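The structure appears right after this line, and notes come after that.
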Amino acid sequence: RAHALISRCLRAAGGGSALAPLAPLVGFGKAHAPRPAELVAGAEAVFRPVTLDAAGLRTVEAQLAQAAAAAPAAEADAPATDGLLAGSDRGAESYRRVHSPNSPRGLRAVAEASECDDSEEEAMAADPAGAPGDQADEEVYFVVHAAGDAPALRADALRTWAASKARAPKVWVDPVCADPSLFAHERLAYDLATLALCRRLVVVAGPALPDSLRCVALLFAWSALGRGLGDVDVVLAAPAGDAAAEAATLAAFDTFAVMYCRAEDRATQAQVVHSVELATVS
């Protein structure tokens with residue numbers, strides 16, 4: 001099903017479909033972009049949800065803090081342009097290195113992609129309900145959260161949410177579950193493929209989330225993929241009992257406008273801008 005959904009949004013890019021705005025988010029129009037089968041196979045190969053028991057929550061809290069500490073250095077080292085969008089040699093080389101058939105992810109991606117030719121892609125795109133590989137035996141939540149919100153508050157929000165469940169939930173959360181070999185210009189495409197593999201969504205709503213272009217794109221993608229609000233949990237990332245902080249978060253959502261959103265990198269910004277452009281003419 002995930003493969004079929006990705007195939008459909010790529011095929012809809014020129015047809016005015018509601019899925020058309022998703023095409024740039026999964027790499028449509030980029031040089032050296034992976035085929036849908038390769039994209040989904042790569043996401044499946046590294047799909048490692050974490051269980052939010054006591055140990056899992058400690059891991060999430062530690063890695064959120066590490067990512068927040070490393071963010072300024074990562075922004076300083078970010079390239080001025082997106083190699084894949086520009087079609088440069090650097091972009092082509094980075095794609096070949098990460099997706100090399102000699103890498104573990106590459107071996108599985110190539111093997112699975114070779115089993116699905118264009119005719120199979122067309123059949124699954126036409127009938128995603130009948131697509132093979134829909135083995136969602138376990139309920140996995142995709143976590144949407146903004147790097148701009150305090151990592152301790154995000155971790156506390158997930159802890160509170162997990163405690164409300166009858167058993168420890170399984171989640172896919174960046175950076176704990178993300179593939180560290182991905183470059184900035186690949187992240188959003190693989191995030192969307194991973195989103196299609198998850199059955200439910202949890203939104204860690206802090207004041208920075210409405211300003212995150214990546215988060216907004218993922219929430220839009222969830223809706224465009226035909227998922228409902230009944231499969232979404234929302235938890236506030238605010239200090240417990242702090243009415244002022246809760247009010248500030250709600251105010252941030254009340255005043256949301258996509259024109260004020262910021263991207264964490266230029267590649268994401270370019271992808272979402274193209275998506276918005278398609279959405280306005282679809």
Side-chain angles (χ1 to χ4, degrees), residues 25 43 46 48-50 52 56-80 82 141-162 171-195 198 201-222 232-239 245-246 248-253 255-273 275-276:
L25 305 184
V46 293
R48 302 287 188 274
V50 60
L52 291 187
L57 285 165
R58 286 195 298 270
T59 299
V60 169
E61 184 173 21
Q63 294 207 24
L64 287 178
Q66 290 174 9
E75 291 175 1
D77 293 338
D82 173 22
Y141 291 79
F142 185 101
V143 179
V144 176
H145 62 103
D149 287 318
L153 292 180
R154 284 179 278 154
D156 286 344
L158 285 173
R159 182 176 290 105
T160 300
W161 170 77
V171 303
W172 189 97
V173 56
D174 183 17
V176 181
C177 306
D179 182 356
S181 70
L182 293 177
F183 290 90
H185 53 253
E186 300 174 302
R187 280 188 61 204
L188 192 57
Y190 278 90
D191 282 350
L192 196 144
T194 304
L195 184 71
C198 295
L201 190 75
V202 58
V203 180
V204 181
L209 191 140
D211 292 333
S212 169
L213 204 56
R214 174 179 172 272
C215 291
V216 171
L218 289 171
L219 293 175
F220 167 73
W222 179 264
V232 179
D233 288 356
V234 178
V235 58
L236 285 179
E246 292 179 1
T249 298
L250 295 176
F253 280 82
T255 57
F256 165 76
V258 71
M259 71 180 78
Y260 300 129
C261 292
R262 300 183 299 274
E264 298 173 6
D265 56 81
R266 296 188 182 185
T268 297
Q269 180 173 330
Q271 287 174 276
V272 180
V273 166
S275 177
V276 171

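For clarity, every value in this text was computed on a predicted model and none was experimentally measured. Side chains included, hydrogens not; waters and symmetry mates left out as well; all remaining heavy atoms used.
The OG1 atom of Thr160 sits 10.5 Å away from the CG atom of Leu153 when rounded to the nearest 0.5 Å. One distance of note links CG of Leu250 with CG of Leu236; it measures 6.0 Å at 0.5 Å rounding. To the nearest 0.5 angstrom, Cys198 atom SG is 7.5 Å from Trp222 atom CH2.
Among residues at least two apart or in separate chains, salt bridge (Lys or Arg N to Asp or Glu O under 4.0 Å) pairs with a member in residues 150-160 are Glu61-Arg159, Asp156-Arg159.
Here the closest non-hydrogen pair linking Trp172 and Ala178 is CZ2-CA, 3.7 Å. In plain terms, the two heavy atoms of Ala237 and Val204 that are nearest each other are CB-CG1, 3.8 Å.
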Report task. With side-chain contact (heavy atoms from CB on, under 4.5 Å) as the test, would you mind laying out the steps for Leu195 and Leu201 before giving the verdict? Result -> CA-CA 8 Å; Leu195 184 71; Leu201 190 75; 3.8 Å; yes

Requested in this report: Tell me, with the steps shown, if Trp161 and Val171 meet side-chain contact (heavy atoms from CB on, under 4.5 Å).
Outcome: CA-CA 12 Å; Trp161 170 77; Val171 303; 3.7 Å; yes

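With a 4.5 Å cut-off on side-chain heavy atoms, Tyr141 and Asp233 count as touching. Annotation: side chain of Pro49 is not in contact with side chain of Val173 (no heavy-atom distance under 4.5 Å).
Counting only distance, with no hydrogens or angles, the side chain of His145 and the backbone of Asp174 share a donor-acceptor pair below 3.5 Å.
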Using a 3.5 Å cut-off and no angle test, enumerate the donor-acceptor pairs between side-chain atoms of residues 206-219 and protein atoms at least two apart in sequence or in another chain.
| unit_1 | atom_1 | unit_2 | atom_2 | d |
| --- | --- | --- | --- | --- |
| Ser212 | OG | Cys215 | N | 3.2 |
| Arg214 | NE | Asp191 | OD2 | 2.9 |
| Arg214 | NH2 | Asp191 | OD2 | 2.7 |

